[in-house]
Amino acid sequence: MMLSVSQLHKTYGQGEAATYALRGIDVTFSEKEFTVLSGPSGCGKSTLLNCLGTLDSYDQGDIAFYDKSFNAMRSKDQTTFRHDHLGFIFQNYNLIPVLTVYENIALAITLKKWSKQVIHDEIMTLLQAVGLEDKVDKRPTQLSGGQQQRVAIARALVKKPALILADEPTANLDAKTSQEILDLMIKLNEERKTTFIFSTHDPMVSSVAKRIIHMKDGVITSIEERS
Amino acid sequence: MLVLQIAFRNLFRNKSRTLVTLFAIGLSVATYLFLDSFIHGMDYQAIANLTTFDTGYAQILSKDAFDNRGRPSLEDVSDLQAIEQIVQEAGLTAQVERVSQADLIFYASDGFNLDGNLPLEVRFLDAESQKIPALKSGQTLQQWSTNSKEEASGIWMSQYYAYYLGAQIGMPITMKITTAYGSQELLDGIIAGFFETDNSIVNQRVIFADWQHSASILELDTLAQGNRLTFYRPIPKSKTFVLPEPYQLYTYQEINPEFVAVAKFNEGRNSIFLFFIFFVIVIGISNTVMMAIYERFKEIATLRAFGMPNLWIRMLFFWEGLLLGILGAIIGVIIGSLINLYMIYVGLDIAAVVEQNNNLGYPINSVIRGRFAWRPILFISGLVVMLTAIFSFTTTRVALKRSIVASLHS
């Protein structure tokens with residue numbers, strides 16, 4: 001099992017103002033999954049996603065990545081874990097505006113000890129996969145929303161992570177572009193065997209997921225498996 | 001290196017803000033260089049004025065004369081020739097000087113602008129042969145005279161007094177000299193010439209008279225108030241000589257303790273300038289750095305999400321600060337150097353301040369010229385670059401302490 005979550009609790013605020021974002025979440029994730037965390041706003045799906053990505057802390061429980069407990073990780077260990085094993089795709093793309101498409105992707109692997117040739121080949125392969133090989137020298141401001149999200153996907157994948165966490169990746173895109181992005185991620189999931197976990201309330205995303213984890217009020221209400 | 005590329009490009013993300021910050025840094029650097037040049041110029045000029053005329057680099061005085069500088073001394077260097085011979089045998093050159101305090105008396109009826117008297121120092125010298133370093137090209141008084149027949153009974157005063165008194169060559173003038181014994185002697189003469197010098201000490205405090213004439217008329221040979229030997233060139237350490245009691249060699253610093261006190265103050269002035277520079281730089285860049293960091297909370301959080309270590313992110317801002325400091329220092333050095341060129345070749349005219357405030361108690365001229373030096377340029381540039389880089393590095397902590405999730409949603 002790649003990721004296992006056991007009895008995860010997360011609370012915001014204290015006393016009467018406390019908000020129970022996660023209430024005893026138990027769930028596991030395997031390799032090559034294409035899973036959606038689905039539910040209404042405030043159900044805890046983004047909170048769970050952030051905890052899976054060590055972007056946020058939790059109050060009780062544990063998360064383990066191949067039996068390596070998050071509870072045993074210090075801040076520096078979490079940074080290293082994110083660098084080595086995780087990729088993120090954000091709703092607002094979050095590209096670095098002063099860097100070109102090529103440089104934005106290269107940034108994700110700037111600390112890896114790869115040769116220049118290997119880096120170049122990896123980036124160009126991914127740019128071809130996402131259909132942006134002719135945009136290498138463009139800045140994010142020169143790209144459409146869909147193109148920026150493709151760059152974000154390439155950036156997330158370039159370091160060959162075991163897991164990609166995507167928080168509302170299609171929220172700022174139109175339907176056509178959203179479909180294109182989804183198709184791209186499905187294709188990469190199959191080709192690279194990378195696990196994708198989405199947090200979304202976009203039914204289009206849920207429709208292509210292989211597994212849907214339904215959440216409400218901080219608990220998992222049901223898990224829907226699809227073949 | 002990608003981190004350097006990001007740092008460099010981020011400088012131009014908000015061009016207006018970067019320009020304002022660069023201007024603030026540049027102005028601080030230029031101000032420091034200007035003030036340093038000005039003060040060094042004043043110091044240099046003061047020392048030059050002292051060593052070329054007033055005290056020279058050193059003087060041979062009796063202990064009593066040293067202790068009672070400015071007042072008559074009965075233990076004066078009376079045997080000037082003997083002392084001069086000792087100095088010459090040591091391979092050195094010193095100028096014999098006879099000095100008295102005098103009141104210069106003049107009358108409007110003789111053509112002056114007003115009746116009055118001026119307390120001045122009169123120096124008796126050989127008008128034909130004795131060269132005066134403070135005058136232009138170290139000329140003799142003879143070379144300043146326009147009426148060669150009258151110079152033997154004349155006095156020479158500066159152009160400064162010619163202007164203020166309306167004095168002209170040939171006008172009668174009287175000197176009331178206080179001798180070493182306290183008696184007063186009157187010496188009548190005429191104005192034989194006007195000398196020109198930038199040395200404010202000479203301009204405002206001194207007149208010259210020919211020694212041979214004065215000595216023969218007034219029998220001043222043993223009554224001159226102050227006799228001494230003055231060295232107008234530095235004395236090499238290898239040259240030594242022994243003086244008979246009660247005579248000693250005194251340096252110009254010992255003779256002018258006020259100057260030494262001011263010079264010591266000048267050594268501490270840098271602290272004041274540095275504090276000023278530091279304050280302006282901190283204010284100037286802190287706003288820029290803080291705004292840049294606040295604007296990039298989300299970007300910093302993205303980098304953290306991708307596993308960039310905190311040190312890497314801090315170094316990103318470190319390089320940005322360093323580049324900002326380097327550019328600001330370059331601008332400041334260019335502006336400061338241009339101002340310095342003006343200071344060196346044209347100078348700053350502070351005549352109104354100097355004249356109204358008695359030279360500010362400092363032997364300077366009315367035009368202060370700057371002094372060029374590499375050391376202050378390197379020092380202030382290095383300080384500016386270091387401050388901006390370190391400040392940028394440390395301020396990043398604000399963003400790194402924030403929750404990644406909160407920053408991503410900012």
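Here is how names work: the chains are called A, B, and so on, in the same order as the sequence lines, proteins then strands, and each is numbered from 1.
No side-chain heavy atom of A:Leu107 sits under 4.5 Å from any side-chain heavy atom of B:Phe306. Between B:Leu408 and A:Leu55 the shortest side-chain heavy-atom distance falls below 4.5 Å. B:Arg9 has its side chain within reach of A:Leu99: a pair of non-hydrogen atoms, C-beta onward, lies under 4.5 Å apart.
Few gaps surround CZ on A:Phe29; more than 12 heavy atoms of other groups in view lie less than 6.0 Å from it. Within a 6.0 Å radius of CD in A:Gln14, no more than 12 heavy atoms belonging to other residues, nucleotides or ligands are found. Remark: B:Arg397 CZ is loosely packed, at most 12 non-hydrogen atoms of other residues, nucleotides or ligands lying under 6.0 Å away. Atom CZ of B:Phe297 has more than 12 neighbouring heavy atoms from other residues, nucleotides or ligands inside a 6.0 Å radius. The environment of NZ in A:Lys112 is crowded: more than 12 heavy-atom neighbours from other residues, nucleotides or ligands sit within 6.0 Å. In the displayed structure, A:Phe81 atom CZ is contacted under 6.0 Å by more than 12 heavy atoms of other residues, nucleotides or ligands. Under a cut-off of 6.0 angstrom, the local environment of NZ in B:Lys298 is crowded, with over 12 non-hydrogen atoms contributed by other residues, nucleotides or ligands. Other residues, nucleotides and ligands contribute at most 12 non-hydrogen atoms within 6.0 Å of the OH atom of B:Tyr44.
Ranked by heavy-atom pairs shorter than 4.5 Å toward chain A, the options B:Ala301, B:Pro309, B:Gly307 are led by B:Gly307. The candidate with the highest count of non-hydrogen atom pairs below 4.5 Å against chain B, out of A:Lys159, A:Gln91, A:Arg155, A:His85, is A:Arg155.
For a residue to count as touching a neighbouring chain, one of its non-hydrogen atoms must lie under 4.5 Å from one of that chain's; by this rule A:Asn50 touches chain B with the side chain only. Neither the backbone nor the side chain of A:Leu86 comes within contact range of chain B, judged by heavy atoms closer than 4.5 Å. Looking at A:Phe90, the atoms closer than 4.5 Å to chain B (heavy atoms on both sides) all sit in the side chain, from C-beta outward. Heavy atoms of A:Asn92 lying under 4.5 Å from chain B belong exclusively to its side chain.
Here the CD atom belonging to B:Gln5 is positioned 9.5 Å from the OG1 atom belonging to A:Thr110, to the nearest 0.5 angstrom. One finds the CD1 atom of B:Ile404 at 7.0 Å from the OG1 atom of A:Thr79 (value rounded to the nearest 0.5 Å). Interatomic distance, CZ of A:Phe88 versus CZ of B:Arg304, reported as 12.0 Å (0.5 Å rounding).
Remark: of the listed residues A:Thr47, A:Leu49, A:Asp56, A:Asp56 is the sole one forming a side-chain contact (heavy atoms from CB on, under 4.5 Å) with B:Val405.
For residues 57-78 of chain A, heavy-atom neighbours of chain B at less than 4.5 Å comprise no residues at all.
Across all their heavy atoms, B:Ala305 and A:Arg82 have their closest contact at O-CD, 3.3 Å.
Applying the side chain to side chain donor-acceptor pair (under 3.5 Å) test to every pair with at least one member in residues 373-384 of chain B, sequence neighbours left out, gives no pairs at all.
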